[in-house]
Amino acid sequence: MANRSSSFETEPGYGHHRHQYHSHHHQHDQQSAVSTLHSVASSTTRSTNAPYTQVQPKLSPSSCEASPMEEEYKDYQPEFQWKTYLYQLQQEAPKPKRIVCQNYVPNKPPHYGREFHGPISREEADNLLSRGGEGSYLVRESLRAPGNFTLGIRLLHQTKNFKLYFDSKHYVAEKRFDSLHDLVADGLITMYVEVKAKDYINEMVAEPIYDKHSKFATIRDRRKSNGTLVPPVAKLATIDSSEVDGCVTPKQQSSPEHVLPSSQYQKEHNFKVHNFKGLNWCEYCGNFMWGLIAQGVRCADCGLATHKQCSKRVPADCTPDKRLIKRIYGVDLTTVVKAHGHVRPVVIDKCIAELESRGLEAEGLYRIPGLQDDIDLVRQRFDKDGELANIGTKDFPDVNAITGALKLYLRQLPIPLVPFEVYDKFTAAAKIQDDTQKLEALRNANNDLFNNRPAHYHTLKHLVFHLHRITEHRSQNKMNTENLSIVFGPTMLRAPNDQSVIDNLYMLQFQKKLVELMIENHDFLFDK
């Protein structure tokens with residue numbers, strides 16, 4: 001094989017002048033943040049066993065993201081301990097330097113540049129990278145498998161080879177990049193930090209700042225919900241049972257007496273991998289989140305940002321930010337309840353209040369379908385206006401549009417009204433032959449629901465009491481307990497997705513029986 005001439009370069013836009021953390025659209029913000037951090041870090045000392053810097057929250061952990069902190073607490077400045085060790089390692093990581101091929105390479109893929117050297121051996125690539133030094137990289141085509149490409153990177157005096165892919169984006173694993181340079185830059189940072197700080201990373205969750213220093217933990221009990229300041233739990237009186245059981249009118253619904261403190265309902269965080277912009281620190285352990293993209297995870301409901309491994313340690317204390325919850329339909333029930341500060345979802349309360357004000361005697365209530373266009377319009381109004389949605393007689397004279405919207409809400413819940421984790425307990429109760437034991441087992445299942453998912457319990461209870469009131473007018477509406485159980489059985493007690501069609505059909509009889517038992521024995525079964 002002919003010898004190839006090559007060199008390495010740091011091109012304009014590829015070396016120190018190119019962004020280190022995110023796209024060039026945010027370069028000014030990043031440079032400002034780096035300058036601020038350098039000025040702070042230079043005046044501090046680092047602990048030998050847990051390096052960190054005392055930093056006031058002028059530098060937000062999500063410097064390019066809108067903070068969910070309330071306006072009332074914008075001047076509140078607790079002392080954060082943002083630990084700088086991992087940030088310093090990222091700064092030390094080698095910068096990408098591509099080894100440029102000086103020869104003409106036929107059949108070069110259009111998505112590769114001058115770093116492509118064609119079909120060369122591993123040994124020749126290693127020689128080129130060794131001469132290029134730390135951070136150098138090139139792309140070669142496999143000699144044994146033409147059409148397959150390998151990315152070679154030089155780091156810590158070793159050559160590392162990765163099978164390289166392209167499908168409109170460059171990738172070697174899960175992360176995908178618009179440019180090969182960004183892939184290499186992120187890889188250099190990630191490998192350098194994770195090699196140099198292996199033991200530190202493994203132990204960084206042992207000293208979390210979450211409970212004492214995180215802005216979420218510091219003001220968790222005082223954050224706003226639906227525009228109303230929620231006082232600490234200890235200062236709140238217990239909500240009267242009549243407020244939960246009875247039919248709540250729209251006026252009652254928005255009153256302070258019907259707003260639960262966020263901590264009453266536990267909720268897991270809805271963490272998703274996130275591409276952070278600017279400099280970002282984990283709000284659980286206080287350490288820097290390294291890399292260019294997918295540096296960690298962010299709760300889609302409250303905005304909490306952590307390392308992926310730290311997210312597993314965060315307690316189930318998510319307080320959803322109403323501004324992050326864009327709709328009501330198709331969103332987790334507990335999330336909607338906590339975001340809007342209500343006992344139950346506004347769709348359930350408003351639809352039931354509307355039906356009980358004018359539709360209890362309508363024949364075929366819940367059995368006769370409404371027009372799909374009307375149902376969709378009701379859904380759109382709830383998604384857009386929430387508790388201010390107008391679903392009155394003037395806009396929706398047909399009550400079947402309201403019943404259809406309520407049933408649609410229940411069907412679209414990602415976690416059913418009777419969640420999957422207690423589904424077996426409910427259906428097992430329905431299979432018991434002795435009536436007394438059956439009711440006791442069903443009440444125990446309800447108690448488990450109350451303890452694990454109180455928002456689901458109160459919603460189920462309110463709906464069952466509503467269905468009982470419908471049966472009191474069965475001579476007019478022709479909807480007795482059996483008819484209602486046929487309608488609501490599969491909706492309230494949706495079977496797990498892993499069940500076969502035959503199993504689902506078999507379980508219909510027990511779903512129907514459970515709804516009948518709930519309606520007929522509502523006072524006994526729902527005693528919380």
Side-chain angles (χ1 to χ4, degrees), residues 226-227 247-255 258 300-301 320-417 455-456 458-460 462-467 469-470 473 476-479 483-484 486-492 494:
N226 194 28
C247 178
V248 181
T249 65
K251 181 177 179 180
Q252 289 175 313
Q253 188 184 49
S254 61
S255 64
H258 292 267
D301 298 335
D321 186 337
K322 192 175 178 180
R323 291 168 292 180
L324 298 177
I325 310 301
K326 304 299 184 183
R327 54 195 171 92
I328 292 180
Y329 277 74
V331 177
D332 170 57
L333 188 150
T334 303
T335 299
V336 169
V337 166
K338 295 194 71 172
H340 291 263
H342 292 147
V343 179
R344 297 169 297 270
V346 64
V347 173
I348 298 295
D349 275 352
K350 291 207 69 167
C351 286
I352 287 179
E354 187 67 29
L355 291 169
E356 297 200 355
S357 69
R358 61 183 172 102
L360 285 179
E361 297 183 356
E363 185 172 340
L365 193 64
Y366 285 112
R367 179 173 54 81
I368 298 176
L371 294 175
Q372 190 60 48
D373 288 346
D374 289 342
I375 294 172
D376 289 340
L377 184 56
V378 174
R379 175 185 56 79
Q380 291 169 14
R381 290 198 176 182
F382 276 119
D383 281 341
K384 180 182 178 181
D385 302 325
E387 61 188 279
L388 301 179
N390 188 353
I391 58 170
T393 307
K394 181 179 179 181
D395 294 309
F396 301 98
D398 182 10
V399 295
N400 296 311
I402 310 301
T403 61
L406 186 149
K407 290 187 291 183
L408 178 65
Y409 174 77
L410 295 176
R411 288 197 302 271
Q412 290 189 352
L413 285 175
I415 300 175
L417 188 55
H456 285 250
H458 287 304
T459 304
L460 177 62
H462 193 56
L463 179 60
V464 168
F465 275 62
H466 165 63
L467 297 180
R469 288 189 287 272
I470 291 176
H473 298 265
Q476 293 86 19
N477 58 39
K478 312 300 181 186
M479 294 300 291
N483 292 337
L484 290 171
I486 292 173
V487 173
F488 279 95
T491 303
M492 291 166 56
R494 193 191 319 159

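Along the sequence shown, the residues carry numbers beginning at 1. Only heavy atoms go into these numbers, but all of them, side chains included; no hydrogens, no water, no symmetry mates.
Glu363 CD to Ile368 CD1: the interatomic distance, rounded to the nearest 0.5 Å, is 6.0 Å. Rounding to the nearest 0.5 Å places OG1 of Thr335 at 10.0 Å from NE2 of His340. Atom-to-atom distance recorded for Arg469:CZ and Glu356:CD is 4.0 Å, nearest 0.5 angstrom. Rounded to the nearest 0.5 angstrom, Met492 CE and Thr459 OG1 are separated by 11.0 Å. Atom-to-atom distance recorded for Asn477:CG and Glu361:CD is 8.0 Å, nearest 0.5 angstrom. One distance of note links CD1 of Ile375 with NZ of Lys407; it measures 7.5 Å at 0.5 Å rounding.
Here the side chains of Pro414 and Val331 are not in contact, with every heavy-atom distance at 4.5 Å or above. Taking 4.5 Å as the limit, every side-chain heavy atom of His462 sits out of range of all side-chain heavy atoms of Val343. By the 4.5 Å heavy-atom criterion applied to side chains, Asp301 and Leu324 are not counted as neighbours. Looking at heavy atoms from C-beta onward, Phe396 lies out of side-chain contact with Glu354 at the 4.5 angstrom threshold. His473 places none of its side-chain heavy atoms less than 4.5 Å from the side chain of Leu365. Within the 4.5 Å cutoff, no side-chain heavy atoms of Tyr409 are placed close to those of Val346. Side chains of Leu355 and Val399 form a contact here, defined as non-hydrogen atoms less than 4.5 Å apart. Annotation: side chain of Val378 is not in contact with side chain of Leu408 (no heavy-atom distance under 4.5 Å).
Proximity of a side-chain donor or acceptor of Asp385 to a complementary backbone N or O of Asn390 within less than 3.5 Å is not detected. Checked by atom type and distance alone, the side chain of Lys350 never pairs as donor or acceptor with a backbone atom of Ile391 at under 3.5 Å. A side-chain donor-acceptor contact under 3.5 Å links Asn483 to the backbone of Lys478. His456 contributes a side-chain N or O that, together with a main-chain N or O of Pro416, makes up a donor-acceptor pair within less than 3.5 Å. Checked by atom type and distance alone, the side chain of Asp383 pairs as donor or acceptor with a backbone atom of Ile328 at under 3.5 Å.
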Derivation of the side-chain contact (heavy atoms from CB on, under 4.5 Å) call for His466 and Leu463: CA-CA 5 Å; His466 165 63; Leu463 179 60; 4.2 Å; yes
So His458 and Val337, side-chain contact (heavy atoms from CB on, under 4.5 Å) or not? Walk me through it. CA-CA 11 Å; His458 287 304; Val337 166; over 6 Å; no
I'd like to know whether Ile470 forms a side-chain contact (heavy atoms from CB on, under 4.5 Å) with Leu467, so could you lay out the CA-CA distance, the side-chain angles of the two residues, the decisive distance to 0.1 Å, and finally the verdict. CA-CA 5 Å; Ile470 291 176; Leu467 297 180; 4.1 Å; yes
Using the side-chain contact (heavy atoms from CB on, under 4.5 Å) rule, take Arg344 and Ile352 through it: C-alpha gap first, then chi angles, then the decisive distance, then the call. CA-CA 12 Å; Arg344 297 169 297 270; Ile352 287 179; over 6 Å; no
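Between Tyr366 and Phe488, the ring planes lie perpendicular to each other; the angle is over 60°, past the 30° to 60° tilted range.
Between Leu406 and Cys351, the shortest heavy-atom contact is CD1-CB, 3.7 Å. Taking both residues in full, the closest heavy atoms of Gly370 and Asp398 are given as CA-OD2, 4.4 Å, listed atom of the first, atom of the second, then distance. Closest approach of Gly364 and Asn400 over heavy atoms only: O-OD1, 4.4 Å.
A donor-acceptor contact closer than 3.5 angstrom links the side chains of Asp376 and Gln372.
The side-chain contact (heavy atoms from CB on, under 4.5 Å) with Arg494 is formed by just one residue from the set Leu410, Leu413, Leu417; it is Leu413.
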